[in-house]
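The block underneath contains the structure these notes are about, expressed in C-alpha cells.
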Amino acid sequence: MANIMINENCNQKCSYCFAAEFVNLHKNDISFVNFKKAVEFILTESDKTRRGKIGLIGGEPLMHPQIDTFLDYLIERKDIEHVTIYTNGVLLEEHLERILNNKVSLLINVNSVSDVGEKNYRKTTEAIDLLVREHQKKNRITLGLNIYDNIDYTFFVKIASKYGFSKVRLSVVVPAYNTEKEGFNHFVKLKESVLKVTKSLLLEDIRFSFDCNWPVPCMWSDEELKDLQLMGLASTNRELIPLNGCICQPVIDIRPDLTAIRCFGLSDISKISIEKFDNIQDLRWYYYRHYDSIISRKPMKEACVNCALFPSKCYGGCLANRISY
C-alpha cells in the first residue's frame, strides 16, 4: 500500500512531527485532478487477482475541504479494496458517514493531553468511544503511539485496555527534518521509554508491532535481552521487539504536487515526480537502487561492519540516521 498526502496542514503541532519539512508551512491541498492521478498510479501495483489499497495522510487528512468527495470516489471504485486514513482523530465525527463504510479503516495517532491540549484530546477519545461502542468498528481501528524521550504513555495503555484492543502500533520517533541526526545514540536514548511502554502494554495483554523505525537489535545489553525474552517482549518477526534485523521497504508517499518521497525520514533528498515512471514498481526499484542500496551500506558505528545483520538485515532503525555517517 502507498499513501497520498492530500494536504500539508494540521490541527496539531507535535514537536516530533515526522512530516516537519512540509506540515503547517503552507496550506497545500491536493486537487481532485491530481488526487485521481495519484490513485491511478498506486493502482498500477494491482492486477486482475488483487484490488488496490490506498492510504490517506497529511498533515491531518480530514482537514482537506474535499475529503468527503475523495472518500466517495474511493468507496465507489470496485478496484479499490481498502482505504486507510491516518488521523489524529479530532475531526472523525464530522465525517462519520464515510468513515463507517466497510472499505475504510483508521490508524488513529493518539497523543497525550500535555501534547495536544484538553479539547483535542477529548475529541479524539470521544470519537474512539463512539466508533467502538456505538458502531462496533474496533476491528477497523488501529491505535498508534509515537515514542519519544520522557513520554507520558499511561493514557495510551488505559485507552487501549478500556476498549479491548488486543494489538496496537508503536513508532520510535526519529529525528525530525532539519534537526541533528544522532544515529545509534538516538535509539539508545529512547531505550528506557521503549521498555516502559512495551512492558506496560504486555501486562495488559496487549500486543504491539513497530512502524518501520524499529529499535536497533544491538542497542540492548545482555541483561536487557534476557529481560525482553523472559517478559515475552522479543520476537523474530515484526511483532513485539524484533531482534533478528530491522529493514524497511520504500513506502511511497505522494505529495499534492505529485512528487513522491521514499518516506518522510528521507523526504529532504528523495523527491521525484511520479509522472517520470510508468508504474509504482519502477518507482520503488528507483528508490532501492539510488537510496536503500547505497545508504544502508554506511555503518553507524565501527561494530556494524563485523555484524552478521549488516547491511542486508539491518538499516540501523532508520535510514535517515545514516545520511551523515
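Keep in mind the model is a prediction, meaning the values are calculated, not measured. For the single chain, residues carry numbers from 1 onward in sequence order.
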Rounded to the nearest 0.5 Å, how far does [atom2] of [Y] lie from [atom1] of [X]?
X	Y	atom1	atom2	answer
E93	T124	CD	OG1	10.5 Å
L195	M231	CG	CE	9.5 Å
Q12	C17	CD	SG	10.0 Å
I57	I6	CD1	CD1	9.5 Å
K301	N185	NZ	CG	8.5 Å
N7	H64	CG	NE2	6.0 Å

Would [X] and [Y] show up in the same hydrophobic cluster when neighbours are defined by side-chain heavy atoms closer than 4.5 Å?
X	Y	value
I80	I85	yes
L243	L309	no
V113	I108	yes
V251	F41	no
I272	L319	yes

Residues forming a salt bridge (Lys or Arg N to Asp or Glu O under 4.0 Å) with [X], sequence neighbours excluded:
X	value
R262	D292
E126	R122
K196	E192

[Y] side chain reached by [X] side chain, heavy atoms, under 4.5 Å:
X	Y	answer
K53	E81	yes
L43	V39	yes
F208	V197	no
I147	S171	no
T84	M1	yes
I269	I261	no
C304	K298	no
Y287	Q249	no

Do [X] and [Y] sit within salt-bridge range, that is, some charged N less than 4.0 Å from a carboxylate O?
X	Y	value
K123	E118	no
D29	K27	yes
K167	E239	yes

Going by distance alone, is a donor N or O of one side chain under 3.5 Å from an acceptor N or O of the other, for [X] and [Y]?
X	Y	answer
D72	T69	no
Y163	D129	yes
Y73	D68	no

Which atom of [X] lies closest to which atom of [Y], heavy atoms considered:
X	Y	value
N88	C10	ND2-SG, 3.9 Å
L56	P61	O-CG, 3.7 Å
A260	L283	CB-CD2, 3.9 Å
L25	A20	CD1-O, 4.1 Å
D253	C263	OD2-CA, 4.0 Å
M300	F184	SD-N, 3.5 Å

Would a distance-only check, ignoring hydrogens and angles, find a side-chain to backbone donor-acceptor pair under 3.5 Å from [X] to [Y]?
X	Y	value
R140	N102	yes
S161	V157	no
K37	L258	no
W285	Q281	no
K138	G164	yes
E60	N9	no
S270	L266	yes
K191	M219	yes
K103	I75	yes
T44	I280	yes

Sequence neighbours left out, what passes side chain to side chain donor-acceptor pair (under 3.5 Å) with K199? Give chain and number order.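 By the side chain to side chain donor-acceptor pair (under 3.5 Å) rule, K199 matches D227.
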Taking side chain to side chain donor-acceptor pair (under 3.5 Å) as the test, write out the residues that go with S31, two or more places apart.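 By the side chain to side chain donor-acceptor pair (under 3.5 Å) rule, S31 matches no residue at all.
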Show the numbers, then the answer: is there a side-chain contact (heavy atoms from CB on, under 4.5 Å) between V168 and L145? CA-CA 8 Å; V168 297; L145 177 71; over 6 Å; no
Check the pair Y16 / D149 against side-chain hydrogen bond (donor to acceptor under 3.5 Å, both in side chains), numbers first and verdict last. CA-CA 10 Å; Y16 57 78; D149 200 21; over 6 Å; no
Check against side-chain contact (heavy atoms from CB on, under 4.5 Å), L106 and T142: CA-CA 6 Å; L106 301 168; T142 300; over 6 Å; no
Can the positive tip of K36 be found less than 6.0 Å from the middle of the six-membered ring of F32, inside 45° of the ring normal? yes
Between S166 and I206, does a side-chain contact (heavy atoms from CB on, under 4.5 Å) hold up when you go through it step by step? CA-CA 5 Å; S166 58; I206 301 169; over 6 Å; no
Summary of salt bridge (Lys or Arg N to Asp or Glu O under 4.0 Å) pairs that have at least one residue in residues 278-291, sequence neighbours excluded: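 For residues 278-291: E45-R284.
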Please test N11 against M63 for side-chain contact (heavy atoms from CB on, under 4.5 Å), starting from the C-alpha separation and ending with a verdict. CA-CA 8 Å; N11 48 11; M63 291 180 68; 3.8 Å; yes
Do other residues, nucleotides or ligands put more than 12 heavy atoms under 6.0 Å from [X] [atom1]?
X	atom1	result
N150	CG	no
K271	NZ	yes
Y288	OH	no

Relative to each other, are the rings of F155 and Y121 parallel, tilted or perpendicular (30° and 60° limits)? perpendicular
